[in-house]
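To start, the structure under review is shown below, and the notes come after it.
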Amino acid sequence: MDTLVKIEKVVKVYRVGDEDFTALHDISLNIEAGAFMSFVGPSGSGKTTLLNLMGGLDKPTSGNIFFENINLKDLNRTDLAEYRRKNLGFIFQTYNLLPVYSVYENVLFPLLLDGEKESAVRQKVLDLVEKVGLSDQVNKKPAHLSGGQCQRVAIARALVKQPSLILADEPTANLDAENSYQVLELMRDLNRQLKAAFVFSTHDEKVTKYVNREIGLEDGRIIWDKKRDGNGVLE
Amino acid sequence: MIVSIAWKNFSRQGIRAILNVLVTALAMVAVVFNLSLYNGFQAQATRNMIRTDVGGGHYQAPGFDILTPTEWEDTTHKVPSALKKLSSAEKAEVLVQQGQLYPNRRLYPVQLRGIDIDQTLLDLPLDGLKKFDAKLGDVIPAVLGVKMAKKAHLKQGDTAVLKWRDRNGVVDARDVRVVDVVTLVNPRVDEGVLWLRLDHLRNMTQRMDEVSWVAVDEHHGNVDGMKFQSVEQLIADILYMIEQDRRYAKIFWVILVFLAGIGVFNTQILNVFKRQKEVGTLMALGMTPGRIVSVFTLEGSMAAFLSVFLALVLGTGLFAWFQSVGLDVSHLAESTIPVQEKVLLEIHPDEVAYSTVIIVAIMILISWLPVRKITRLDPTLALRGRAIT
């Protein structure tokens with residue numbers, strides 16, 4: 001598999017009051033195209049920080065993050081926005097849907113940002129909404145959807161541009177068990193169909209059953225890196 | 001794309017957007033209404049002064065000052081031939097002298113104002129004097145304004161003793177009969193004024209062919225022995241008084257714009273504060289901070305432009321209704337402001353235009369000011385709604 005993201009000796013230090021807090025210590029790893037993997041660990045272990053750095057929402061204190069050989073450190077805010085628009089999809093724990101937009105408009109939004117005409121992509125959006133099982137909710141606003149339905153909209157929104165990397169921060173944290181399984185199944189199916197790499201941050205053990213690779217984080221350090229073997233066992 | 005996003009955001013804000021637009025629109029209407037009402041006052045006062053007293057200006061006798069009654073006897077002048085030849089529609093000869101009226105045995109100092117009874121330049125309801133001969137009889141016919149009649153406790157048909165001094169300083173006295181009590185819209189030609197025929201007053205004071213001033217329709221060039229006073233000079237005190245009031249109107253204008261501005265500013269701050277997660281999401285979706293600022297500023301601008309539209313609708317209705325009823329200012333009848341019972345709005349398009357432009361510009365500016373914060377937001381904090389606390 002080709003390397004999609006290369007993380008090289010990344011350190012992230014936050015200033016908290018008068019003290020420095022090191023969220024990530026010398027992290028290095030590669031993420032392949034089409035991966036379906038997760039960062040697991042307790043709160044404060046550095047999972048979300050790592051996703052934010054990969055997403056260009058934050059910058060490392062030292063070290064480098066390459067996306068398809070582009071060093072994110074070299075990009076300014078405008079370039080980083082373009083990088084996210086062209087290459088990434090985000091799924092958040094709290095869904096982060098645009099509240100005044102309908103399901104259809106939320107999914108359509110990234111395409112409009114890309115300069116697409118609505119008439120040209122309307123069917124594509126509707127197909128994706130159908131794929132996430134929300135055809136009958138297409139005109140509803142997020143306030144009228146359940147948590148599981150909101151997360152499905154967020155998934156459709158993240159995938160609509162067919163990005164090569166989806167970053168999902170605790171995507172099942174706000175969902176009950178049944179909805180969590182449904183969302184994970186959906187993401188696994190879409191990963192297989194669309195070949196987009198999915199990277200989760202999670203402390204939800206249910207996610208473990210679905211991912212092909214699991215990286216354990218503790219206190220900002222990688223403490224294990226397990227891949228699923230031929231027998232379907234993570235080791 | 002940015003416009004359609006801004007429009008969706010704005011139009012779906014619901015009651016917050018509606019209230020914002022409504023408050024701004026009402027402020028605009030109030031601002032224009034306030035200015036137009038003062039314009040109406042000023043225009044009507046000016047019109048009434050011109051119509052009843054000032055005309056197109058006065059050729060005054062040298063040294064004459066209406067505010068110095070003790071010198072009126074010394075400041076008269078023969079009507080120059082250049083003015084004499086003007087028609088009765090072009091000039092009105094006026095002689096002003098002091099007098100003392102004794103209604104009901106009380107002393108009442110009055111201004112004896114004699115006016116050429118055939119003049120048509122000034123709009124004065126003095127027809128009651130026309131039926132009398134030029135030759136003065138035993139009783140002097142006089143016309144009073146309503147206010148003067150009320151203060152002197154006189155009514156039509158009443159008589160009272162009048163004393164005056166002729167050009168030789170000799171005091172004379174005779175009965176005056178009130179032949180008419182008329183409504184004069186200009187208090188300056190009503191209060192304390194006893195209207196007489198000019199020929200009668202000249203006869204009484206032995207000032208044949210003399211005047212205190214000649215009101216004219218327009219400036220007829222320099223006239224020997226007379227000093228021309230323009231309309232602006234003659235009504236300067238009224239204009240000054242109204243201009244003072246306009247200053248209050250401007251302070252009111254600033255307060256209204258300030259209040260409307262605070263409303264929009266507050267809404268925008270709330271927008272940025274409450275919509276931090278949305279801003280973070282837009283950043284995550286790849287929208288540049290500059291474009292996000294544009295969207296939010298456009299939302300504020302849309303509120304401003306919709307306010308202009310709403311103000312136009314509300315203002316048109318309100319102003320049309322107001323013009324049909326006018327503002328009752330009968331309580332000002334006791335004042336010295338020469339206005340009729342109802343004042344109408346006088347809308348100056350330039351005032352409407354600059355008020356609108358200034359308000360819209362302020363609205364756009366204060367829409368943008370709080371939104372600038374967005375460019376400095378940390379996306380990771382914004383996503384969690386913690387970028388601004």
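Keep in mind that the numbers below use all heavy atoms, side chains included, and drop hydrogens, waters and symmetry copies. Naming: A, B, ... by sequence-line order, numbering from 1 per chain.
For the set B/Ile2, B/Asp378, B/Thr281, the entry with the most heavy-atom pairs within less than 4.5 Å of chain A is B/Thr281.
If you measure heavy-atom distances from B/Arg384 to chain A, you find no contacts under 4.5 Å at all. Within the 4.5 angstrom heavy-atom criterion, only side-chain atoms of A/Glu105, from C-beta onward, approach chain B. Heavy-atom distances place both the backbone and the side chain of B/Leu383 under 4.5 Å from chain A. When heavy atoms are compared at a cutoff of 4.5 Å, A/Tyr83 does not approach chain B at all. Heavy atoms of A/Leu57 lying under 4.5 Å from chain B belong to its backbone as well as its side chain. In this structure, no portion of A/Lys86 lies under 4.5 Å from any heavy atom of chain B.
With a 6.0 Å radius and a threshold of 12 heavy atoms from other residues, nucleotides or ligands, B/His348 has its NE2 atom above the threshold. Other residues, nucleotides and ligands contribute over 12 non-hydrogen atoms within 6.0 Å of the OH atom of B/Tyr354. Around CD of A/Glu19, the count of heavy atoms belonging to other residues, nucleotides or ligands within 6.0 Å does not exceed 12. No more than 12 heavy atoms of other residues, nucleotides or ligands sit less than 6.0 Å from atom CD of A/Glu130.
The cationic group of B/Lys8 lies under 6.0 Å from the six-membered ring centre of A/Tyr101 and within 45° of the ring axis, placing it in a cation-pi geometry.
In summary, the side chains of A/Tyr14 and A/Asp58 do present a donor paired with an acceptor at a separation below 3.5 Å, with no hydrogens or angles considered.
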